[in-house]
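First the structure, in the form of structure tokens, and then the observations on it.
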Protein chains: 2
Amino acid sequence: VKELIEVVRGRQRNGHRRATARLISLVENNPAAAREVIGALFASTGQAHIIGITGPPGSGKSTLVNEIAKQFRQLDTQVGIVAVDPSSPFTGGALLGDRVRMRDLSGDNGIFIRSMASRGNLGGLAETTGNVIKVLDAAGFEVILVETVGAGQAEVEIASTAHTTLVIEAPGMGDEIQSIKAGILEIADILVVNKADRPGSEKTVKALKMMLHMGDSSRVNHHGRKMVVLGQEAPPNPKEAAWQIPVLETVALDGQGVAQVVESVRRHKEYLRDSGEWLVRELARSRQEVRHLLQARFIAELESAVSESEREMVIAAVAARQLDPYSAVARLFDQAYV
Amino acid sequence: VKELIEVVRGRQRNGHRRATARLISLVENNPAAAREVIGALFASTGQAHIIGITGPPGSGKSTLVNEIAKQFRQLDTQVGIVAVDPSSPFTGGALLGDRVRMRDLSGDNGIFIRSMASRGNLGGLAETTGNVIKVLDAAGFEVILVETVGAGQAEVEIASTAHTTLVIEAPGMGDEIQSIKAGILEIADILVVNKADRPGSEKTVKALKMMLHMGDSSRVNHHGRKMVVLGQEAPPNPKEAAWQIPVLETVALDGQGVAQVVESVRRHKEYLRDSGEWLVRELARSRQEVRHLLQARFIAELESAVSESEREMVIAAVAARQLDPYSAVARLFDQAYV
């Protein structure tokens, strides 16, 4: 493991790609190794621009992610892609987008792709995703695209720990804008209406712009950012200028509009650096990560302090309505920590 | 509070509805009161049939939930509806479905409706939703419909703690079946294709049935249930017969097919009782609930043991890459518990 870490951290030419892949497998599958690997690599992280990409199923996210990756490659940027896919017992997590992706992007050493399934508990997935991103960051990938397939809070949580978050919409999926219903619009730094050649695209763009206008300019989203309405006059001091969320149109299938998205992503990075917002987001990500790890550590400690049979007896008493959940928690907590 | 608890638990005629509403507000807004209320009511819970209803935005879930509620009312069943809505700073969480719902169902004392926003952290939402369900259960609501608007893991988690889970699909939202992509099909006890008068409905039904067939009959879903393929011969002993997931068609707007859904829900309850699966699900819910509460308790203890400024210093060191997250956790944990 130490050797692999040296190869990755040293960004050596030979065996670098294979070492990166092996470290990623380690942090995915072995919690003790994850601790060692992340401990050793962590000081080398913090260089990558982490870009979260989310939106409802059917919006064409995967294709758009591929096109964004290709654009960055033309700028000679090293690109990591982390695709967080919910797994299903039916498909085994092998989605169409993956196959297209492999055909499109494989063979380029400047791109590293990793798909992650959300099998098992989601807390674990957030932790593992964070660690995979760190390995890629330490390995020198300058842009890391984190694509989440679902549209729920948990996937949003993963995407929202990014520096820049893109929310993708598509026209013609009924009258509703799905991201509004799913409550994910509020994490967007950049809005993209993909499949813009379809009927209804203009309507969707208009609706999104209206939504941005409706967001009262004094409202602050969960990043602590002000949501500023589109088309508002720029404040006098450009250093203090808040970010104005653009609504862009793309046709990912033929690459149309993708250059503008990449341009917007790069401008957003500049804004983050200039405004000090970059550090704010680093702090938010660190806070969330430490919290998740603390909870996992706590559960592990509890499980070693209280035997499974004791725990199951308490659970059975709750299920039988002999013990209320709060009293059950007090009992387990006291057994472990007093 | 004691008086309110007596009124709710005693199922008294006078002031029962108002007392239920006030206890629900208490468990939603005041953690200390939640502990007291749930502690007092818990022994009176366990009677209600909890039905989770989920599916992608645009599938017409809210309308279908209303129609299911009306059917149960015709059977003289008391119905609680808990709608878990992701909130958005743009809409404030007041979705169209709610307005339709209020117009349709208000004025019937046998129905109690509560909308919950997923503002703030989701762990909190799962806890609060569980407590609201308990108050309704203790208050004598025999069927509790828990509708989740999103299609992510976290909403699925809430829906999956139900005794019976309905997954709603709609035809004509592109070629993909959205629940498959979002990985929520595997929690379904009953599949419903709503808007079945739209073109493409047959295709969607066929695709869902094929998916069920593809699920290898020995595959066990996350409830520990076997996924049994449709149309398989019934095993010899009907008491041991596994549940065969039906695929039903509805047009919620005019009530078409809703009676069959309600019939299927009632048959599923019988199956749960006869097979012992009811208790299995009670245990699973209790286990999950105790785990969530333990984590919340732990964080609260840590926050009282380690001052905010100390915690923020550790977070800042992580953000600056001076301390890796695992070492940060070890430091905080030791400060709180050694």
Side-chain angles (χ1 to χ4, degrees), chain A residues 35 38-39 42-43 45-46 56-58 86-91 95 118 122 149-155 173-174 176 178 180-183 185-186 211 214-215 219 221 227 279 282-283 286-287 289-290 293-295 297-298 302 314-316 318-319 321 324-329 332-333 337, chain B residues 35 38-39 42-43 45-46 56-58 86-91 95 118 122 149-155 173-174 176 178 180-183 185-186 211 214-215 219 221 227 279 282-283 286-287 289-290 293-295 297-298 302 314-316 318-319 321 324-329 332-333 337:
Chain A
R35 212 166 293 202
I38 300 304
F42 192 66
T45 67
S87 75
S88 150
F90 302 112
T91 63
L95 301 173
S118 68
L122 212 86
V149 170
Q153 278 296 125
E155 289 87 353
M173 300 168 82
E176 318 149 54
Q178 307 216 351
I180 295 170
K181 266 216 137 179
L185 214 57
E186 58 210 84
M211 289 293 152
M214 276 166 61
R219 183 119 48 184
N221 75 6
M227 311 284 298
L279 182 61
E282 287 288 335
L283 280 169
S286 301
R287 192 174 292 116
E289 183 166 31
V290 167
L293 289 177
L294 270 170
Q295 287 182 328
R297 166 85 187 262
F298 165 71
L302 186 90
V314 170
I315 301 295
V318 171
R321 268 73 182 175
D324 75 84
Y326 291 98
S327 305
V329 163
L332 289 171
F333 199 87
Y337 290 103
Chain B
R35 211 165 294 204
I38 299 304
F42 192 65
T45 65
S87 74
S88 150
F90 302 112
T91 64
L95 301 173
S118 67
L122 211 86
V149 171
Q153 277 295 124
E155 289 86 354
M173 298 168 82
E176 318 150 55
Q178 308 215 350
I180 295 170
K181 265 215 139 180
L185 214 57
E186 58 210 84
M211 289 292 150
M214 276 167 62
R219 183 118 51 185
N221 75 7
M227 311 284 297
L279 182 60
E282 288 288 334
L283 281 169
S286 300
R287 192 173 293 117
E289 184 166 31
V290 167
L293 289 177
L294 270 169
Q295 287 183 328
R297 166 87 186 262
F298 165 71
L302 185 90
V314 170
I315 300 294
V318 172
R321 267 73 181 176
D324 76 83
Y326 292 98
S327 305
V329 163
L332 289 171
F333 199 87
Y337 289 102

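The shown structure was predicted, so the numbers you read here are calculated from the model rather than taken from an experiment. Below, each value reflects all heavy atoms present in this structure, side chains not excepted, and no hydrogens, waters or symmetry copies. Reminder, nothing fancy here: chain letters follow the sequence lines and each chain counts from 1.
For A/S327, no part sits under 4.5 Å from any heavy atom of chain B, backbone or side chain. Residue B/A43 touches chain A through both its backbone and its side chain, counting heavy-atom pairs closer than 4.5 Å. Heavy atoms closer than 4.5 Å to chain B are found in the side chain of A/E289, but not in its backbone. For A/A316, the parts lying under 4.5 angstrom from a heavy atom of chain B are both the backbone and the side chain.
Scored by the salt bridge (Lys or Arg N to Asp or Glu O under 4.0 Å) test, B/R287 finds A/E312 as partners (sequence neighbours excluded).
When each of B/I38, B/L293, B/L279 is scored by its heavy-atom pairs under 4.5 Å with chain A, the top score falls to B/L293. Listed options A/L332, A/V314, A/I315 were ranked by heavy-atom pairs under 4.5 angstrom with chain B; first place goes to A/I315.
The CZ atom of A/R297 sits 5.0 Å away from atom CZ of B/F333, with the distance rounded to the nearest 0.5 Å.
Counting heavy atoms from C-beta on, the side chains of A/F298 and B/L294 come closer than 4.5 Å.
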